[in-house]
Amino acid sequence: MNKFEVTSLSEYILRNQMKIPQSRGGFSHLLHHVSTAARIVNREVNKAGLVDILGEMGSTNIQGEDQKKLDIFANEHFIDAIRGCGEVCAIASEENESFIFFEDEMGRNGKYVFLMDPLDGSSNIDVNVSIGTIFSIYRRVTPVGEKATMEDFLQPGTAQLAAGYVLYGSSTMLVYTTGNGVNGFTLDPSIGEFCLSHRKIKTPEDGKLYSINEGNYKKFPKGVKKYIKYCQERDEETNRPYSSRYIGSLVADFHRNLLKGGIFIYPETETAPNGKLRLLYECNPIAFLAEQAGGSASNGEKRIMEIKPTSLHERTPFYTGSKNMVRKVDAFLEEFDLKSDKKFNSRCASVK
Ligand code: AHG
Ligand code: MN
Ligand code: MN
């Protein structure tokens with residue numbers, strides 16, 4: 001490799017497309033549009049504070065959460081960019097109650113469906129802390145040309161063709177997988193290109209970081225409480241105590257743990273027995289990346305990507321990161337559930 005050789009995302013996508021002789025480039029085209037939308041959102045995130053993009057929109061989304069101006073901005077720009085590429089027949093977003101159909105003037109549509117959390121970590125927008133965008137791509141199961149249906153979206157995570165995130169942090173990165181490892185691209189703002197910076201990311205099997213909102217401690221199942229205490233115990237052999245790190249933006253917390261080794265937990269709680277995070281556009285894409293980097297992701301009982309979804313915005317408890325850490329917390333959950341939590345008190349008496 002030439003000393004100054006830089007591989008841009010565009011070049012990388014093209015090279016991979018050329019390896020598939022029958023490819024007509026539709027998927028590559030879609031990835032280019034993801035990158036364009038990411039750069040547009042990045043531009044606005046970087047200007048936040050200078051222009052009128054901070055603060056509440058005065059509306060709530062389907063989950064009843066307050067929408068910020070940047071949530072809406074990111075949502076609209078990603079929708080437009082994905083519609084514009086013509087390869088996608090419908091898009092689902094955290095910010096929209098149902099999915100949106102796409103077709104051109106001739107009534108033609110594409111063979112992929114796209115799901116996203118356009119702006120993850122909303123509570124960190126106004127305070128200049130890292131936020132992200134998460135996306136997931138599937139091949140539709142209904143015939144091209146027809147209208148997409150819910151069936152196209154309710155596929156298990158194992159059927160994902162690609163998944164990734166954009167992290168708007170101290171630098172902006174696009175990290176994605178198409179099922180052949182995970183690669184990270186850092187935006188070089190001077191040339192406006194994402195450049196390959198993290199090739200074939202592998203996450204350590206054992207980490208030293210645990211990430212959880214401990215303010216909810218009293219509401220956690222016993223297995224999670226026990227695991228937190230385990231992380232805090234002294235033990236030279238396993239390098240404990242581990243360090244606690246929690247930003248409150250899934251993308252940023254996951255990204256740090258991916259590179260350094262660690263576990264991210266958003267468990268079920270007494271008041272939210274299904275957890276907080278959304279299966280289809282938060283947990284499944286992150287789980288795909290985790291597994292592709294040699295880590296794992298579970299809901300405490302089974303592999304996240306094997307869950308058969310039943311609705312667009314469903315939530316799930318989420319445990320992801322270094323393989324041995326996820327295995328450990330899963331074992332504690334099982335042990336304490338059998339003793340007393342009994343399927344977390346029968347899903348907290350079905351939310352009382
Ligand atoms: P979003 O901003 O897309 O609604 O997601 C917020 C999520 C996720 O990014 C983060 O891990 C979690 O909410 C933080 O929740 P707590 O404030 O309850 O810890
Ligand atoms: Mn989110
Ligand atoms: Mn969001």
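Note that ligands are numbered from 1 as they come in the structure, with each ligand's atoms numbered from 1 the same way.
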Handout entry: Donor + acceptor pair across side chains of Asn46, Asn42 (<3.5 Å)
Key = yes

Handout entry: Protein N/O/S count near the Mn ion (ligand 3) (criterion: distance under 2.8 Å)
Key = 3

Exercise for the section: Ignoring hydrogens and angles, state whether a donor on the side chain of Gln160 or Ser136 is under 3.5 Å from an acceptor on the partner side chain. Expected result: yes

Exercise for the section: Would you name the N/O/S atom of Glu282 that lies closest to the Mn ion (ligand 2)? Expected result: OE2

Handout entry: Side-chain H-bond candidate by donor/acceptor type, Ser249 with Asn124, under 3.5 Å
Key = yes

Fill in the blank from the handout: By chain and number, the residues contacting ligand 1 below 4.0 angstrom (heavy atoms only) are Glu65, Glu94, Asp117, Leu119, Asp120, Gly121, Ser122, Asn213, Tyr246, Gly248, Ser249, Leu250, Phe264, Tyr266, Lys276, Leu277, Arg278, Glu282

Exercise for the section: Only one of Leu154, Leu279, Leu280 passes side chain to side chain contact (heavy atoms under 4.5 Å, CB included) with Glu314; say which it is. Expected result: Leu279

Exercise for the section: Determine whether the side chains of Ser211 and Arg256 contain a donor N or O and an acceptor N or O closer than 3.5 Å. Expected result: yes

Exercise for the section: Would you check if there is a donor-acceptor pair between the side chains of Asp152 and Thr142 at a distance under 3.5 Å? Expected result: yes

Problem - Donor-acceptor side-chain pairing of Asn324 and Ser322 below 3.5 angstrom - result: no

Handout entry: Short side-chain donor-acceptor distance under 3.5 Å, Thr133 and Asp120
Key = no

Exercise for the section: Decide whether Asp330 and Ser298 meet the rule of one side-chain donor and one side-chain acceptor closer than 3.5 Å. Expected result: yes

Practice task
May I ask you to check whether Asn109 and Asp104 show a side-chain donor-acceptor distance below 3.5 Å?
Solution key: no

